[in-house]
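The structure under discussion appears below in the form of structure tokens.
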Protein chains: 2
Amino acid sequence: MHKENSSDALNRRFLFKKCELNTALNIISGRWKAQIIHSIHNGHNRFHLLQKELTNISEPVLGRQLKEIETQGIIIKKEIPETTPTGIEYLLTGKGERLIPILDNLCNWIKENP
Amino acid sequence: MHKENSSDALNRRFLFKKCELNTALNIISGRWKAQIIHSIHNGHNRFHLLQKELTNISEPVLGRQLKEIETQGIIIKKEIPETTPTGIEYLLTGKGERLIPILDNLCNWIKENP
DNA sequence: CTTATGACTAACAATTTTGTTTGCTATTGT
DNA sequence: ACAATAGCAAACAAAATTGTTAGTCATAAG
């Protein structure tokens with residue numbers, strides 16, 4: 001986990017204070033996070049659908065990434081009634097939705113500046 | 001370094017293929033990179049100026065981050081003539097300049113969605 | 001002749017991130 | 001009875017990122 005007072009942790013906090021840009025990047029820069037957010041936006045909004053989309057991801061890894069972006073308020077979980085076992089839907093929050101165009105810009109930036 | 005065939009490396013490549021978004025994020029998601037790009041844009045375009053801006057960064061770390069964003073074509077180095085020791089200026093390339101508004105959007109996104 | 005400057009680099013250690021193995025829940029289909 | 005489904009979680013191992021220590025070069029100032 002985190003060591004609170006390692007140089008690494010101190011530097012991370014220094015950057016968070018310096019500019020919100022670093023906070024934002026911290027949220028979306030995990031290995032699968034941006035892709036998960038995009039995939040949910042494209043309708044792959046169930047655990048097993050995401051597993052299919054992200055061929056090589058393992059269950060614990062997907063679970064962790066989902067939990068982290070949930071903690072950051074990018075997605076929320078919603079139980080689907082009358083399903084067994086109880087299905088869970090992932091939905092983008094407003095914050096999450098407003099991130100989508102920025103991710104698209106990033107995508108186009110690379111396409112136009114290879 | 002890199003292990004070419006570790007699961008981690010394979011997954012990274014899977015994502016690069018899946019969507020350019022992941023390539024873009026890979027370029028800017030190092031600990032200091034986005035902040036360095038922004039600082040250069042704001043005129044802190046010398047090695048020693050960046051060191052002052054990023055209080056706690058060490059020289060080897062700054063050197064590495066600069067080299068990486070140079071390799072990605074975000075910045076270029078330029079010798080300043082008639083200086084001893086020879087000074088180096090860092091300049092954003094076109095690709096780098098076109099990244100700035102996107103970083104600003106990310107910054108505003110967090111400010112507006114805390 | 002020692003120290004300072006500007007701009008690094010290699011080698012190594014600390015820390016964090018990512019991935020793996022194993023196990024769980026409750027219900028339905030065979 | 002047994003496997004299958006959907007959706008996880010803890011504990012651990014592997015790998016990558018980040019930070020540290022020590023050194024380089026050429027010139028100029030004290």
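In what follows, chains are A, B, ... by sequence order, proteins preceding strands, each numbered from 1. Quick caveat: nothing in here was measured; it's all calculated off a predicted structure.
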I want to verify a distance call: between [options], whose nearest atom is closest to the [X] side chain?
X	options	result
A:Lys67	D:dT20, D:dA9, D:dA6	D:dA9
A:Val61	C:dA7, C:dG19, D:dT18	C:dG19
A:Asn11	D:dT17, C:dT21, D:dG19	D:dG19
B:Phe47	D:dA16, C:dA7, D:dA6	C:dA7
A:Arg46	D:dG7, C:dT16, C:dT5	D:dG7
B:Ser58	D:dT20, C:dT5, C:dG19	D:dT20
B:Gln65	C:dA7, C:dT21, D:dT18	D:dT18
A:Arg64	C:dG19, D:dT18, D:dA10	C:dG19

May I ask you to say what [X] touches in the nucleic acid, namely base, sugar-phosphate or nothing, with a heavy-atom cut-off under 4.0 Å?
X	value
B:Ser7	sugar-phosphate
B:Thr83	nothing
A:Ser6	sugar-phosphate
B:Lys33	nothing

So, does [X] get its side chain near the phosphate of [N], meaning an N or O under 4.0 Å from OP1 or OP2?
X	N	answer
B:His48	C:dT5	no
B:Arg31	D:dA16	no
B:Trp32	D:dT17	no

Figure out the [atom1]/[atom2] separation between [X] and [N], and round it to whole Å.
X	N	atom1	atom2	answer
A:Leu66	C:dG19	CG	P	14 Å
B:Asn5	D:dA15	CG	C1'	13 Å
A:Glu59	C:dC24	CD	C1'	12 Å
B:Glu79	D:dT27	CD	P	13 Å
A:Leu62	D:dG7	CG	P	10 Å
A:Glu82	C:dA26	CD	C1'	17 Å
A:Glu68	C:dG19	CD	P	12 Å
A:Leu50	D:dG7	CG	P	9 Å

(request) Kindly indicate whether the side chain of B:Asn45, heavy atoms from C-beta on, has any atom under 4.5 Å from the side chain of B:Ile75. (result) no
(request) May I ask whether B:Leu62 and B:Ile88 are part of the same hydrophobic cluster, defined by side-chain heavy atoms of I, L, V, M, F, W, Y residues being less than 4.5 angstrom apart, directly or through others? (result) yes
(request) Assess the side chains of B:Thr86 and B:Glu79: does a donor N or O sit below 3.5 Å from an acceptor N or O? (result) no
(request) Using distance alone, with no hydrogens and no angle criterion, decide if B:Asn113 and A:Arg98 have a side-chain donor and acceptor under 3.5 Å apart. (result) yes
(message) I'd like to know if the side chain of A:Asn26 and the backbone of A:Asn22 have a donor-acceptor N/O pair within less than 3.5 Å.
(response) no
(message) Under a 4.0 Å threshold between the charged nitrogen and the carboxylate oxygen, would A:Glu89 count as salt-bridged to A:Arg46?
(response) no
(request) Find which nucleotide of DNA chain D each of A:Asp8 and A:Glu89 is nearest to by heavy atoms, and output the residue with the more 5' nucleotide. (result) A:Glu89
(request) Between A:Asn56 and B:Pro60, name the one whose nearest nucleotide on DNA chain C is closer to the 5' end. (result) B:Pro60
